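All of these numbers come straight from a predicted model, not from anything done at the bench.
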Amino acid sequence: MKRKLWISLWGMLSLAQAAEEIPVARPPLPAVDPSLQVVQIYRQDDLLDWIEQGKHLARVKADKCQLTQDIEARAEVMKLPAYQFLWGDMLAWGVCTQRNAELGVQYMWDAADQGLAPALEQLGRYYWKGTLVQKDLLRAEVLLREAAGAGFLKAQLEWVEFLLAGHGSPLDYEDAYRWLHNAVIGDQALHRQASTLLARLEGRMPANVVQKAEAIR
């Protein structure tokens with residue numbers, strides 16, 4: 001009995017040693033694109049800066065669409081307004097995802113409802129120009145005024161342009177003038193644009209109202 005057990009154990013050991021010596025074929029690792037680098041999810045402050053500069057879609061393209069699923073999750077699940085706006089813009093224009101303009105505009109509204117000024121401005125501009133949506137000057141007026149009042153320079157410029165185009169009310173002139181007059185503008189081209197708009201708006205305002213608007217910050 002002991003002899004049989006010893007033979008059996010010896011056979012098992014021999015089989016184990018043989019198995020270790022037999023090379024195991026493994027599938028080759030997939031080739032890695034050397035130009036593709038791992039991209040970290042965007043910091044909120046960085047994303048907001050890109051959005052305000054209008055560079056957010058270009059950044060997503062430059063990163064080869066690697067963060068599409070993360071962006072969607074932060075918009076849909078976490079409901080972060082900057083990501084809602086980014087994902088909405090990606091959907092609206094088919095950037096790194098299948099185009100769905102209706103859903104994209106809905107995500108822009110979600111961001112606007114949370115007070116994101118670039119979302120308010122973009123929707124206001126879309127309703128003013130009839131981009132992706134039907135023209136609606138009343139909606140455009142409300143959205144652009146709110147975005148301008150939040151201190152978003154692009155909206156402040158567009159709000160004055162909107163008023164100069166004959167929309168809105170002359171009662172809005174004083175606030176619109178004050179917001180743009182007190183804006184800090186580092187870009188020379190934008191500074192010239194603001195000066196031109198202010199001069200045109202000033203021509204429609206009583207002198208005392210202009211003085212009041214310039215005196216109050």
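- The salt bridge (Lys or Arg N to Asp or Glu O under 4.0 Å) pairs that include a residue from residues 39-51 are R43-D46, where partners are two or more places apart or lie in different chains.
- Nearest heavy atom pair, residue E52 against residue P118, reads CG-CG, 4.2 Å.
- Sorted by first and then second residue, the salt bridge (Lys or Arg N to Asp or Glu O under 4.0 Å) pairs involving residues 128-142 (not counting sequence neighbours) are D136-R139, E141-R145.
- Closest heavy-atom contact between A119 and A112: CB-N, 3.7 Å.
- Applying the side chain to side chain contact (heavy atoms under 4.5 Å, CB included) test to D113 and every residue at least two apart in sequence or in another chain returns W109.
- The salt bridge (Lys or Arg N to Asp or Glu O under 4.0 Å) contacts involving residues 186-213 comprise E174-K212, where partners must be two or more places apart or lie in separate chains.
- Within the 4.5 Å cutoff, no side-chain heavy atoms of D175 are placed close to those of D172.
- Taken from CG in L120 to CG in L143, the straight-line distance is 6.0 Å, to the nearest 0.5 Å.
- To the nearest 0.5 Å, the span separating SG on C96 from CG on L67 amounts to 9.5 Å.
- Residues K55 and Q53 have side chains that bring a donor and an acceptor to within less than 3.5 angstrom of each other.
- For the residue pair Q44 / Y83, no side-chain donor-acceptor distance below 3.5 Å is found, with atom types taken as modelled.
- Between the side chain of K64 and the backbone N or O of K61 there is no donor-acceptor pair closer than 3.5 Å.
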I'd like a table of donor-acceptor pairs (distance under 3.5 Å, sequence neighbours excluded) in which one partner is a side-chain atom from residues 153-161, with atom names and distances.
{"residue": "Q156", "atom": "NE2", "partner": "A148", "partner atom": "O", "Å": "3.3"}
{"residue": "E158", "atom": "OE2", "partner": "R125", "partner atom": "NE", "Å": "3.3"}
{"residue": "E161", "atom": "OE2", "partner": "Q193", "partner atom": "NE2", "Å": "3.2"}

Begin from the C-alpha positions of E72 and T68 and carry the test side-chain contact (heavy atoms from CB on, under 4.5 Å) through to its verdict. CA-CA 6 Å; E72 181 181 7; T68 300; 5.5 Å; no
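- Nearest heavy atoms, V133 versus Y126: CG2-O, 3.7 Å.
- Among residues at least two apart or in separate chains, there is no salt bridge (Lys or Arg N to Asp or Glu O under 4.0 Å) pair with a member in residues 83-105.
- Proximity of F85 to Y107: side-chain heavy atoms (C-beta onward) are nowhere separated by under 4.5 Å.
- The OH atom of Y173 sits 9.5 Å away from atom CE of M205, with the distance rounded to the nearest 0.5 Å.
- Atom CD of Q98 and atom CG of L103 lie 11.0 Å apart (nearest 0.5 Å).
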Candidate pair H56 and Y42, rule ring pair (Phe, Tyr, Trp, His ring centres under 6.0 Å), full reasoning: CA-CA 10 Å; H56 51 291; Y42 308 135; over 10 Å; no
